[in-house]
Amino acid sequence: MILLDGKKVAQEIRSKLRDSVTFNIEKGLRAPKLAIVIVGHNPASETYVANKIKACQEVGIEVEKIVMEESIKERELLAMVRRLNRDKSVDGFIVQLPLPEHISEAKVLTAIDFRKDVDGLTPMSMGRAIQGLPAFRSATPSGILELLQAYAIPTEGKHVVVIGRSNIVGKPMAMMLMQRPYLSLPNMSASALGDATVTVCHSKTRRLGAICRTADIIIVAAGSPKLLKANMVKEGAVVIDVGINRMDDASFPRGYRLVGDVDFEAVAPKCSYITPVPGGVGPMTIAMLLKQTSLAYSAKVLGLKMK
Ligand code: NDP
């Protein structure tokens, strides 16, 4: 069994990005710039945003953090999105999810210009990606493809089971794996992966275990601790654990530890490759955000156009 070390692969991606940012600055060009909008003070969102800001600063990407109060009106957030769409100094931006109940996520995402949608979550980006047109990809599935690629794990002709059908992970993951390989933008090497036969499972799926046992690769994004058990996995399968769940544990400084959706101790011995949690998919997601911000910058400053 080989551990898919997302932390290490993400670090390599970040180090390449840092080199290219430094190179451009030495040539007299400006640094790429990402804006992050956060609404309210959800502790998990604040942690994610802090990690993204730290990662950007490490590679030399400029970040503008925009904090809006929980009580803001939907139209005020939409006005901010429109301002960021127009702002020429901003290459890409994200609106951290989830949003407060009174604001429609769909409306906000739809308002983001796909050329600045470095999280790849807008309907336009996803629609374009489905049709094989240049577009940013959903960061987590993109990161998973990069990780598979870093370990030379092919997907062509493989049966991949994706557990979860969210707009953020499950759906785009399935879509990307079933595509004919294509390039979405220069340097988007991960797009070379695809050509898999994909089964998507969710909470209404019957005989989940039997379906998983036929998989060469299982990608679990359910948000359910230890959902994937050893008897659901065939010998030699590749297992990617997207889940991030907090489990109370007094022996950890914060009083909890992070666990994935896979019963890791029992499943790992059966796998050819498996991701740990933490240190697997999570760092790759952030690396993809940085990479796509850098691509948005290149599209604008270096003239690589997304048409
Ligand atoms: P959602 O809650 O939006 O979606 C979960 C999906 O899993 C749903 O489609 C649901 O089915 C399905 N599901 C839930 N329980 C079961 C079950 N017992 N059997 C089969 N299917 C099930 O979650 P997200 O996709 O946003 O996130 C999934 C997990 O990944 C979470 O733990 C999240 O924290 C983590 N995550 C990690 C990221 C990273 O960078 N590592 C990034 C994004 C998410 P149904 O549709 O029927 O309800």
Side-chain angles (χ1 to χ4, degrees), residues 3-7 9-10 13-14 36 42-52 54-55 94-99 101 105-106 109 118-121 126 136-148 160-177 190 198-213 215 218-229 231-233 239-247 256-264 267 274-292:
L3 266 189
L4 295 168
D5 189 344
K7 209 170 160 187
V9 176
I13 293 170
R14 276 144 70 152
I36 303 180
N42 172 326
S45 294
E46 283 189 334
T47 307
Y48 291 137
V49 167
N51 288 340
K52 288 170 188 176
K54 191 164 159 258
I94 62 171
V95 177
Q96 183 66 38
L97 302 178
L99 292 171
E101 297 254 312
E105 277 184 12
L109 289 177
V118 285
D119 244 353
L121 293 182
M126 288 181 67
F136 294 117
R137 313 298 202 73
S138 180
T140 302
S142 248
I144 292 169
L145 292 191
E146 289 265 351
L147 192 56
L148 291 174
V160 184
V161 169
V162 178
I163 307 180
R165 55 177 166 181
S166 70
N167 286 338
I168 294 179
V169 190
K171 262 188 236 170
M173 184 80 261
M175 180 274 293
M176 286 157 76
L177 283 162
V198 185
T199 302
V200 181
C201 300
H202 45 76
S203 67
K204 303 292 183 290
T205 298
R206 292 184 192 153
R207 302 171 57 246
L208 181 65
I211 295 169
C212 288
R213 277 192 294 279
I218 307 175
I219 300 173
V220 202
S224 176
K226 298 199 178 185
L227 172 65
L228 192 78
K229 306 259 186 304
N231 65 2
M232 298 163 78
V233 178
V239 170
I240 307 289
D241 190 352
V242 184
I244 302 179
N245 309 290
R246 287 182 180 193
M247 294 278 268
Y256 66 85
R257 68 193 157 95
L258 295 180
V259 297
D261 290 347
V262 175
D263 184 0
F264 185 88
V267 169
I274 186 167
T275 56
V277 175
V281 175
M284 294 301 296
T285 298
I286 296 190
M288 289 304 102
L289 173 67
L290 305 183
K291 185 167 179 176
Q292 300 206 118

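Note that ligands are numbered from 1 as they come in the structure, with each ligand's atoms numbered from 1 the same way. No experiment lies behind these values; they were computed from the predicted model shown.
- At the top of the distance list for atom 26 (O) of ligand 1, counting protein heavy atoms only, stands S166 OG, 4.0 Å.
- Of the protein's heavy atoms, G223 N, 3.6 Å lies nearest to atom 29 (C) of ligand 1.
- By the side-chain hydrogen bond (donor to acceptor under 3.5 Å, both in side chains) test, R213 is found to be paired with no residue, residues two or more places apart in sequence or in another chain being considered.
- For C201, the heavy-atom gap to ligand 1 stays at 4.0 angstrom or more.
- Inter-residue side-chain proximity for V233 and V262 is flagged as unmet; no heavy-atom pair is nearer than 4.5 Å.
- Protein heavy atom nearest atom 48 (O) of ligand 1, with residue, atom name and distance: S203 OG, 3.7 Å.
- Every residue two or more places apart in sequence or in another chain that forms a side-chain hydrogen bond (donor to acceptor under 3.5 Å, both in side chains) with T285 is listed here: T140.
- Residue V281 places a heavy atom less than 4.0 Å from ligand 1.
- Residue nearest to atom 19 (N) of ligand 1, selected from V277, I240, L227: L227 (by heavy-atom distance).
- Numbered from 1 in the order shown, with element, the atoms of ligand 1 that lie under 4.0 Å from a heavy atom of T285 read 39 (C), 40 (O).
- Across all non-hydrogen atoms, the minimal contact from D261 to P225 is OD1-N, 4.1 Å.
- For K229, the NZ atom sits in a packed shell: over 12 heavy atoms of surrounding residues, nucleotides or ligands are nearer than 6.0 Å.
- Counting only distance, with no hydrogens or angles, the side chain of Q292 and the backbone of R137 share a donor-acceptor pair below 3.5 Å.
- Panel note: side chain D263, backbone L228; no donor-acceptor pair is recorded below 3.5 Å.
- Atom 35 (C) of ligand 1 has V242 O, 3.4 Å as its closest protein atom, hydrogens excluded (heavy atom only).
- The contact set between ligand 1 and N245, taken as ligand atoms under 4.0 Å from a residue heavy atom, comprises 32 (O).
- The backbone N or O of G120 lies less than 3.5 Å from no partner atom in the side chain of S138, so there is not a single donor-acceptor pair.
- The distance from ligand 1 to the heavy atoms of I163 drops below 4.0 Å at these ligand atoms: 20 (C), 21 (N).
- For a threshold of 3.5 Å applied to N or O pairs, the pair formed by R165 and ligand 1 contains at least one separation below that value.
- Protein heavy atom closest to atom 21 (N) of ligand 1, with residue, atom name and distance, is H202 C, 3.1 Å.
- Of the protein's non-hydrogen atoms, the one nearest atom 34 (O) of ligand 1 is I244 O, 3.5 Å.
- For atom 2 (O) of ligand 1, the nearest protein heavy atom lies 4.0 Å away or farther.
- No side-chain heavy atom of T205 sits under 4.5 Å from any side-chain heavy atom of T199.
- The shortest contact between atom 44 (C) of ligand 1 and any protein heavy atom is with V169 CG2, 3.9 Å.
- Atom 42 (C) of ligand 1 has T140 OG1, 3.3 Å as its closest protein atom, hydrogens excluded (heavy atom only).
- Remark: distances from the non-hydrogen atoms of A221 to ligand 1 include one below 4.0 Å.
- At a threshold of 4.5 Å between non-hydrogen side-chain atoms, the residues I219 and V242 count as touching.
- At a 3.5 angstrom cut-off on N or O pairs, D261 does not count as close to ligand 1.
- To the nearest 0.5 Å, atoms CE (M175) and CE (M126) are separated by 6.0 Å.
- In this structure, CE in M247 is found 6.0 Å from NZ in K226, a value given to the nearest 0.5 Å.
- Atoms of ligand 1 found under 4.0 Å from any heavy atom of G282 (numbered from 1 in listed order, with element): 40 (O), 41 (N).
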